[in-house]
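Down below is the structure, laid out as structure tokens.
Both ligands and their constituent atoms are indexed starting at 1 by order of listing.
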Amino acid sequence: MTVKKALIPAAGLGTRFLPATKSMPKEMLPIIDTPVIQYVVEEAIASGIEDIIIITGRGKRAIEDYFDDSPELEMHLAKKHNTELLKLVRDVSSLVDIHYIRQKEPNGLGDAVLRAENHIGNEPFAVLLGDDIIVNDKPCTAQLIDNFQKYGRSTLAVEEVPYEKLSSYGIIKGKPLNDSLYVLEDIVEKPSPENAPSNIGAIGRYVFTPEIFDCIKEAGTGVGDEIQLTDGIRLLNNTQTIYACRFEGKRFDTGDRLGYVKSIIDFALKNESLREDVLEYLRDILVTVDDPSDK
Ligand code: G1P
């Protein structure tokens, strides 16, 4: 059995990016000219996903508009014979079949996942959190799907997390199977660094068997008075083996302010038409930043 449906929770308030996110979804923050959520959708498609459900909330209309047709803009570009931009705009709205479900109030990641239960039904599905962009020839989600196809079991993407960031992640305890795979023994949501079971954290990519839904419901409210996906994973682990996969690829945590700045610099340096100018600018400012006479 393969994985054809994916869920992208995008209902969070984006408080780390206030005031910008007061009137704009954090998922629409651009990495130069492309909103973060487009990279996430593209990763899902490149991993073989055919049906995407985005969980939105109040103030997230811009996401739906973004992936929809844009007749006025298209007409304007067509009139100006700007075929290149016209193609760009049309390509976005014809990417894939996207469905939207609204989460009435932000009540945790677990609750956002539950909103999609009816749409997903009794089949495995992927979850891609909108904050992470992961760059690799073989997409991270495709790596998790491979593992799912091998073992038929839920699989989480994990990576090492710096000590001071442990309390921002679900941290796992795992039994290594090989260089890149653990059998999950436990997972704790946002532990204090002293109490963390390891330094390996779940990042925003998962593949689940549908039994996760009942486990989230059974787990109820957790840390921060929210329904936590991690608590559901913990319960699922009592009845089904779960794997944690050290994925291949470079992850950009665009939900973090520094991570966001880093991703813009990296993507600019990867962009042929920007690279040389950006490098020159960086060299210039690095000289002045290092020069004490400039202070
Ligand atoms: C969520 C999950 C957490 C996971 C993290 C990855 O937390 O609850 O287990 O490690 O995503 O980004 P959030 O970042 O939504 O607070």
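Residue pairs that meet the side chain to side chain donor-acceptor pair (under 3.5 Å) test with at least one member in residues 254-264, sequence neighbours left out, are K165-D256. The ring pair (Phe, Tyr, Trp, His ring centres under 6.0 Å) analysis of residues 123-174, with sequence neighbours excluded, yields the pairs F125-F208, F125-F213, Y151-Y243.
A salt bridge is absent between R234 and D231; no separation between the charged side-chain nitrogens and carboxylate oxygens falls under 4.0 Å. Under 4.0 Å is where a charged nitrogen must lie from a carboxylate oxygen, and between R275 and D277 no such pair does.
Partners of K138 by salt bridge (Lys or Arg N to Asp or Glu O under 4.0 Å), not counting sequence neighbours, listed by chain and number: D146.
Looking only at distances, a side-chain donor or acceptor of E43 sits under 3.5 Å from a matching main-chain atom of T141.
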Report all N/O contacts between ligand 1 and the protein shorter than 3.5 Å as a table of atom names and distances to 0.1 Å; if there are none, say 'none'.
residue, atom, partner, partner atom, Å
ligand 1, 7 (O), K190, NZ, 3.2
ligand 1, 8 (O), E189, OE1, 3.4
ligand 1, 8 (O), E189, OE2, 2.7
ligand 1, 9 (O), G170, N, 3.1
ligand 1, 9 (O), E189, OE1, 2.6
ligand 1, 9 (O), T230, OG1, 3.2
ligand 1, 10 (O), G170, N, 2.8
ligand 1, 10 (O), A202, O, 2.5
ligand 1, 16 (O), K190, NZ, 2.7

